[in-house]
Amino acid sequence: SRVYVALPSLQDRKLIIQNELNEFQVSSRTINELAKHSEGFSGADIALAVRDAIMAPVRNLMASTHFREVDGFWEPCGPRAKGSIKMSLENIPRPEMLRVDAPSPSMLKGSFQKTKPSVSPGDIKHSEEFNANYGRQDRSTSASDQSEMQWPEHAPVPPSAGSIHAGPGLVPDRKNTQEKT
């Protein structure tokens, strides 16, 4: 048996973004903008974009050549900044006192712009056609209603069914997978 997983709705994308950013203060306006601009993204695509943005401040630290101490914490700065000391990240006297910033809205937007959807419109069309021809509707087909489409064992399996990925397509039904082990 196979389960069709639709792409997340706008509301679902907002929830995924909020969940991925749960440790950071991000405005609801920024989350709404990111969700609107991530149409066509799978949940995994969204998580990847958020993780990339979270790592941006770390990449900035690694590339920094000057740091200064502010209120007991070390932070990157420019060479002309007051209190600037030329050193690499590895030379910070007390690494536990290193200040790592949260990703800025521009870092988040940049990560979402460079992340490309892993599921093409052709993949979606193919999955929907397969569902129309061989699917068995157990519940509502609305993605925001957390619906699933299950295919009977006798239905042909499209070539993409062998790979597991988040987003529309075919993934193994966990119930049947567990029974076989």
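These numbers come from a predicted model, not from an experiment.
Closest heavy-atom contact between Met97 and Gly72: CE-O, 3.3 Å.
Interatomic distance, NZ of Lys116 versus CZ of Phe41, reported as 7.5 Å (0.5 Å rounding). We find the OG-NZ distance between Ser120 and Lys125 to be 11.0 Å, quoted to the nearest 0.5 Å. Between the CD1 atom of Ile31 and the CG atom of Leu21 there is a distance of 6.0 Å, given to the nearest 0.5 Å. We find the CD1-CG distance between Ile54 and Leu108 to be 8.0 Å, quoted to the nearest 0.5 Å. We find the CD1-CD distance between Ile17 and Glu33 to be 10.5 Å, quoted to the nearest 0.5 Å. Rounded to the nearest 0.5 Å, atoms CG (Asn91) and CD1 (Ile85) are 11.0 Å apart.
No option in Asp12, Thr115, Leu34, Ile16 other than Ile16 meets the side-chain contact (heavy atoms from CB on, under 4.5 Å) test with Ile46.
Between the side chains of Arg13 and Ser38, at least one donor N or O lies within less than 3.5 Å of an accepting N or O.
Distance alone, capped at 3.5 Å, is enough to place a donor-acceptor pair between the Ser84 side chain and the Gly78 backbone. For the pair Asn131 (side chain) and Glu128 (backbone), a donor-acceptor distance under 3.5 Å is absent. A donor-acceptor pair is defined here as one N or O able to donate and one able to accept, closer than 3.5 Å; no such pair exists between the side chain of His126 and the backbone of Gly122.
Annotation for Glu39: atom CD does not count as buried by contact number, only 12 or fewer foreign heavy atoms lying within 6.0 Å. The 12-atom threshold is exceeded at CE of Met87, counting heavy atoms of other residues, nucleotides or ligands nearer than 6.0 Å.
Lys114 has a carboxylate O that lies under 4.0 Å from a charged side-chain N of Asp52, or vice versa, which qualifies the two as a salt bridge.
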From CA spacing to verdict: side chain to side chain donor-acceptor pair (under 3.5 Å), Ser88, Glu90
CA-CA 5 Å; Ser88 66; Glu90 294 83 26; 3.0 Å; yes
Go through the steps for Leu98 and Phe73 under the test side chain to side chain contact (heavy atoms under 4.5 Å, CB included), then give the verdict.
CA-CA 6 Å; Leu98 188 61; Phe73 289 92; over 6 Å; no
